[in-house]
Visitor: 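The structure is given below, and queries will be raised subsequently.
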Amino acid sequence: MALLVVVLGVLGNITAFVGLISPMILRNGRNGSYSSQPYLSSLLAALLWTYYGILNKHGGIFVVTISALNCAFQIFYLGIYLCYGTSPQRKKTLIILVLIILFYTGMILSTLLAARNLQRIVVVGTLCIIASIFSTAAPLTIMHKVVTTRSVEFMPLGLSLGLFLNGACWLAYSIATHDMFLLIPNAIGVVLSTIQLVLYTLYRIYGKYVVKRSGLEAENTDKDIARRCDIEENDATSSTSSRDVELAIHSVIPSKDFG
């Protein structure tokens, strides 16, 4: 069982690291309409999970390593966002960042001074679950966009598959370590990523069907146009032939003078 926990913890760290190296989208040196909310919520969740891993003496080391790395990545992404953001974007992001730091510091001091170790784990674990659930807002937004646009352009297969594998590894890890605080958010993550994969498959097939149907309709339209052109050309040819025959008849019949 100890070996299984180690293997699952390592796999969870690897799959989570792959998801962390996803680049932030910048256009013309600007953030555009992108929000800093995903990075701020991910930073808060990572800070809470880091503290939870430190408090948890049974298998918490793997939670600490990936959560601390996650904090570093989110700070890096927020730094890029602040560099390229507009003045209102920077102001809003900095205000929320200060509130996160104040909340995190107050939470640590209150749990260290006013609670025992088991109570600390329960309080911090509950906060971790809440923060992780809020972090699932991004996948829900993406799924809504896929359904409304009927396109998987905004939901890459690699990202959805990576989220599924990462959630599955941590879900198995939480079961092996009997950690309910890890189990609940990762079970939700696995369900959401499964829905994403199903949506990707459905709308990928639907997209191919639409493209194929559009191609057939375009081909039929081209055939109809060609057919109409042929008909008009034949009508023009028939009309010309009729006039030629009429002229030939008039030329053969002699004219009579009436006086």
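Everything quoted here is computed from the prediction, not taken from an experiment.
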Visitor: Would you kindly confirm whether L69 and L165 end up in one hydrophobic cluster when ILVMFWY residues are joined by side chain heavy atoms under 4.5 Å apart?
Guide: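 Yes, because L69 and L165 connect within a single hydrophobic cluster, where side-chain heavy atoms sit under 4.5 Å apart.
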Visitor: Whether the side chain of T93 engages the backbone of R90 through a donor-acceptor N/O pair (distance < 3.5 Å, no angle test) should be reported.
Guide: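 Judged by distance alone, no pair lies under 3.5 Å.
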Visitor: Does the plane of the ring in Y39 sit parallel, tilted or perpendicular to the ring in Y81? Use 30° and 60° as the thresholds.
Guide: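 Aromatic pair Y39/Y81 classed tilted.
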Visitor: Check whether V64 and L44 end up in the same hydrophobic cluster, where Ile, Leu, Val, Met, Phe, Trp and Tyr are linked by side-chain heavy atoms less than 4.5 Å apart.
Guide: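 The answer is no; the residues belong to distinct hydrophobic clusters.
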Visitor: Looking only at heavy atoms, which two atoms of S174 and L171 are closest? And how far apart?
Guide: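 In this case the closest contact between S174 and L171 is OG-O, 2.6 Å.
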Visitor: Measuring from I133:CD1 to S41:OG, what's the distance to the nearest 0.5 Å?
Guide: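 The OG atom of S41 is 13.0 Å from CD1 of I133, to the nearest 0.5 Å.
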Visitor: Carefully, step by step, assess Y52 and L48 under the rule side-chain contact (heavy atoms from CB on, under 4.5 Å).
Guide: CA-CA 6 Å; Y52 175 82; L48 291 172; over 6 Å; no
Visitor: Looking at Q89 and T86, would you say the former's side chain and the latter's main chain have a donor-acceptor pair under 3.5 Å?
Guide: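 Between the backbone of T86 and the side chain of Q89 there is a qualifying donor-acceptor contact (under 3.5 Å).
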Visitor: With rounding to the nearest 0.5 angstrom, report the CG to SG distance, L47 to C71.
Guide: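 Those atoms lie 4.0 Å apart.
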Visitor: Check the pair T65 / N13 against side-chain hydrogen bond (donor to acceptor under 3.5 Å, both in side chains), numbers first and verdict last.
Guide: CA-CA 8 Å; T65 53; N13 275 255; 2.7 Å; yes
Visitor: Please find the pair of heavy atoms, one from V63 and one from S67, that lie closest to each other, and give the distance.
Guide: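 In terms of heavy atoms, the two residues are closest at O-OG, 2.6 Å.
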Visitor: Could you grab the distance from atom CG of L8 to atom SG of C169, nearest 0.5 Å is fine?
Guide: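 Here the rounded value is 7.0 Å.
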Visitor: Against I184, only a single residue in N186, I188, L182 fulfils side chain to side chain contact (heavy atoms under 4.5 Å, CB included); can you say which?
Guide: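 Looking at N186, I188, L182, the match for I184 under the side chain to side chain contact (heavy atoms under 4.5 Å, CB included) is I188.
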Visitor: Mind checking the CG-NE2 spacing from L183 to H178? Nearest 0.5 Å is all I need.
Guide: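 Going from CG on L183 over to NE2 on H178, the span is 11.0 Å.
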Visitor: Enter the distance from F181:CZ to I129:CD1 here, rounded to the nearest 0.5 Å.
Guide: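 CD1 of I129 is found 6.0 Å from CZ of F181.
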Visitor: Identify the heavy atoms of L55 and R120 that sit nearest to each other, and give their distance.
Guide: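 Looking at all heavy atoms of both residues, the closest pair is CD1-CB, 3.8 Å.
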Visitor: Do the non-hydrogen side-chain atoms of I175 and W170 ever get within less than 4.5 Å of each other?
Guide: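 They are not in side-chain contact.
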Visitor: Do I66 and N70 have side chains that approach each other closer than 4.5 Å (heavy atoms only, starting at C-beta)?
Guide: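 A side-chain contact is absent here, since even the closest heavy-atom pair is not under 4.5 Å.
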Visitor: If you group Ile, Leu, Val, Met, Phe, Trp and Tyr by side-chain heavy-atom gaps below 4.5 Å, do L40 and Y84 land in one group?
Guide: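 Yes; Y84 is reachable from L40 via cluster members.
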Visitor: When you compare the side chain of S132 with that of W49, does any pair of heavy atoms fall below 4.5 Å?
Guide: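 Sidechains of S132 and W49: in contact.
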Visitor: Applying side-chain contact (heavy atoms from CB on, under 4.5 Å), run through L112 and I108 and close with a yes or a no.
Guide: CA-CA 6 Å; L112 287 177; I108 291 178; 3.6 Å; yes
Visitor: Search all heavy atoms of M107 against all heavy atoms of V124 and return the closest pair with its distance.
Guide: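 The pair with the smallest heavy-atom distance is SD-CG2, 3.9 Å.
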Visitor: Measure the shortest side-chain to side-chain distance between L97 and L43 over non-hydrogen atoms and say whether it is less than 4.5 angstrom.
Guide: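 Counting from C-beta outward, L97 and L43 do come under 4.5 Å.
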Visitor: Would you please classify the geometry between the Y77 ring and the F73 ring as parallel, tilted or perpendicular, with 30° and 60° separating the classes?
Guide: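 Aromatic pair F73/Y77 classed tilted.
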Visitor: To the closest 0.5 Å, what do you measure between CG (L127) and OH (Y51)?
Guide: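 Going from the CG atom of L127 to the OH atom of Y51 covers 10.5 Å.
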Visitor: Looking at every non-hydrogen atom in both residues, tell me the closest pair between I121 and N56 and how far apart they are.
Guide: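 Looks like CD1-CA, 4.3 Å.
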Visitor: If the test is side chain to side chain contact (heavy atoms under 4.5 Å, CB included), which one of V98, T105, L99 qualifies with I101?
Guide: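 The single option meeting the side chain to side chain contact (heavy atoms under 4.5 Å, CB included) with I101 is T105.
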Visitor: Any idea which heavy atoms bring T50 and A46 closest together, and the distance?
Guide: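 That would be OG1-O, 2.7 Å.
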